[in-house]
There are 2 protein chains.
Amino acid sequence: MTCAINYAPQLRAQGLRMTPQRNAILHVLHHSHGHLSPTQVYHLARKEFPSLTEPTVYRTLEFLAEKKFLLAAHVGNGKIVYELAENQHHHLICHQCGNTVEVDHAPLERLYRQLASSTGYKLDSSHVTFFGLCPKCQKSKL
Amino acid sequence: MTCAINYAPQLRAQGLRMTPQRNAILHVLHHSHGHLSPTQVYHLARKEFPSLTEPTVYRTLEFLAEKKFLLAAHVGNGKIVYELAENQHHHLICHQCGNTVEVDHAPLERLYRQLASSTGYKLDSSHVTFFGLCPKCQKSKL
DNA sequence: GTTAGTGCAAACCATTTGCAGAACG
DNA sequence: CGTTCTGCAAATGGTTTGCACTAAC
């Protein structure tokens, strides 16, 4: 809770309001490196602001994603997770054990440009999830 | 329903059983090019086999995906959709209007090899979803 | 003071589970 | 016939909605 990072100015710069709820949610996402599901955010942020409710979490996450403070990612199980918009990366998940590695955005740049020129779409820098078999599970399958 | 394609031999070749339920589900996915949600599959397949129930749809889709007859894809809204495993492709979705274009797998090949060598993972040829702004929505934003 | 944000409670809907009976091979 | 698959019914759990109240600016 006693955290140096303060998003209030960035919000106000866009004419948006800072509330303790939003602060708690941003704080949680800032400190947990990686992505969190709405339910996870709810339970963690509740520790900092106990009166927080689930509908608020959902509304706030959607709101902050729309305002580009957060990125919404779609991981394996079909649930949406969120992470801070800074520090963009993707994920490669083992479909066997669930182990996850981060994938830098750089190697996707070329592909993005290629897709943009062939489709006319302007690609989001949104999260992409890849699936595979991790080295450990490859071995155990032999 | 009177469709030439018959998956029964392919199933039996793997020691699996063919049932009218599975047939209806495969049939629906075969004729609807593109991906369908479990609910969509349920409603469509019901027209061919009215006594079909939802739990069966979910179980069958999961089963067929595990046996590599289907691919599970994760699209925008965080729901899982399924499509026939043949004809692999990915999707690029406009986050504004939802319009979708298919992306061939070929341009991803290089990236896949690169990720495989840098992470040690053996990548699935699983479905990837990209997001962007389609040409039409780019214009309407100006 | 205005507008935006939140809490509450309830509804909603997709998805899952247990178990008994039916059907495939 | 043995095993797998399905139907039924119910529970589950994440997500959404309406409305009145509160708080941010």
Side-chain angles (χ1 to χ4, degrees), chain A residues 6-29 35-67 69-70 72-82, chain B residues 6-29 35-67 69-70 72-82:
Chain A
N6 190 351
Y7 292 92
Q10 299 179 55
L11 280 169
R12 296 215 188 84
Q14 296 187 35
L16 311 172
R17 295 182 183 177
M18 176 49 93
T19 65
Q21 291 88 344
R22 288 179 180 175
N23 189 58
I25 289 169
L26 283 165
H27 183 261
V28 159
L29 282 162
H35 39 50
L36 295 176
S37 69
T39 304
Q40 288 175 311
V41 170
Y42 170 65
H43 288 298
L44 291 172
R46 229 168 161 9
K47 292 177 183 168
E48 309 200 350
F49 192 77
S51 66
L52 184 67
T53 62
E54 275 167 313
T56 297
V57 171
Y58 282 93
R59 283 185 286 222
T60 302
L61 289 174
E62 194 177 354
F63 172 84
L64 292 173
E66 191 188 338
K67 299 300 181 187
F69 283 83
L70 303 180
H74 311 282
V75 278
N77 46 26
K79 311 283 183 198
I80 297 183
V81 296
Y82 292 87
Chain B
N6 190 351
Y7 291 92
Q10 298 179 55
L11 279 168
R12 297 213 189 85
Q14 296 187 34
L16 311 172
R17 295 183 180 176
M18 175 49 92
T19 66
Q21 292 88 343
R22 288 179 181 176
N23 188 57
I25 289 170
L26 282 165
H27 183 262
V28 158
L29 283 162
H35 38 50
L36 295 175
S37 70
T39 304
Q40 289 175 310
V41 170
Y42 171 66
H43 288 297
L44 290 173
R46 228 167 168 352
K47 293 178 183 168
E48 309 201 350
F49 192 76
S51 66
L52 184 67
T53 62
E54 275 167 313
T56 297
V57 171
Y58 282 95
R59 282 186 287 222
T60 302
L61 290 173
E62 193 177 355
F63 172 83
L64 292 173
E66 192 188 338
K67 299 301 181 186
F69 282 82
L70 304 180
H74 311 282
V75 278
N77 45 25
K79 311 283 183 197
I80 298 184
V81 296
Y82 292 88

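Numbered from 1 within each chain, the chains take letters A, B, ... in sequence-line order.
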Looking only at D/dC5, D/dG7, C/dT15, the nucleotide nearest the B/Thr19 side chain is D/dC5

Rounded to whole Å, the CD-P distance (A/Glu66 to C/dA4) equals 13 Å

Next item on the list: Could you tell me whether A/Ser51 contacts a base, only the sugar-phosphate backbone, or nothing, with contacts defined as non-hydrogen atoms closer than 4.0 Å?
Entry: sugar-phosphate

Quick note, B/Leu52 side chain, CB onward, closest among D/dG7, C/dT16, D/dT17 is D/dG7

Exercise for the section: Answer yes or no on whether B/Arg22 is positioned over the face of B/Phe69, meaning its NZ or CZ is under 6.0 Å from the six-membered ring centre and within 45° of the axis. Expected result: no

Rounded to whole Å, the CG-C1' distance (B/Asn23 to C/dC24) equals 14 Å

Classify the nucleic acid contact of A/Arg59 as base, sugar-phosphate or nothing, counting any heavy atom under 4.0 Å across all strands shown. base

From CZ of A/Phe63 across to P of C/dG5 the rounded distance in Å is 5 Å

Closest of D/dC25, C/dA14, C/dG5 to the A/Arg22 side chain is C/dG5

Note: B/Asn6 and B/Pro9 closest approach over all heavy atoms is O-CD, 3.4 Å

message = If you compare every side-chain N and O of B/Thr53 against the phosphate oxygens of D/dG7 (OP1, OP2), does one of them come in below 4.0 Å?
response = yes

From CD1 of B/Ile80 across to C1' of D/dG14 the rounded distance in Å is 14 Å

| How is A/Tyr42 classified with respect to the nucleic acid when contacts are heavy atoms under 4.0 Å: base, sugar-phosphate, or nothing? | nothing

Evaluation steps, side-chain contact (heavy atoms from CB on, under 4.5 Å), between B/Leu44 and B/Leu52:
CA-CA 10 Å; B/Leu44 290 173; B/Leu52 184 67; over 6 Å; no

B/Gln14 atom CD is separated from D/dT4 atom P, nearest whole Å, by 15 Å

Open item on the list: What I want to check is whether an N or O donor and acceptor connect the side chain of B/Arg17 with the base of D/dT3 at under 3.5 Å.
Closed with: yes

Between NZ of B/Lys79 and P of C/dT15 the distance, given in whole Å, is 6 Å

note: B/Gln21, atom CD; D/dT4, atom C1'; distance rounded to Å ~ 12 Å

For the CD atom on B/Gln40, are there more than 12 heavy atoms of other groups (residues, nucleotides or ligands in this structure) within a distance under 6.0 Å? yes

(message) Under 4.0 Å, heavy atoms only, any strand: does A/Thr60 hit a base, just the sugar-phosphate, or nothing?
(response) sugar-phosphate

Out of D/dT17, C/dG18, D/dT15, minimum distance to the side chain of A/Thr39 belongs to D/dT15

Practice task
With heavy atoms under 4.0 Å as the rule, sort B/Pro38 into base, sugar-phosphate or nothing.
Solution key: sugar-phosphate

Taken to the nearest whole Å, CD/B/Glu54 to P/C/dT16 is 12 Å

In this structure, CD1 of A/Ile80 is separated from CG of A/Leu36 (nearest 0.5 Å) by 14.0 Å

Of the candidates C/dA9, C/dG25, C/dT15, the side chain of B/Tyr58 sits closest to C/dT15

Comparing nearest nucleotides in DNA chain C, the 5'-proximal residue of the pair A/Pro55, B/Pro20 is A/Pro55

Here the pair of heavy atoms bringing B/Ile25 nearest to B/Val57 is CD1-CA, 4.0 Å

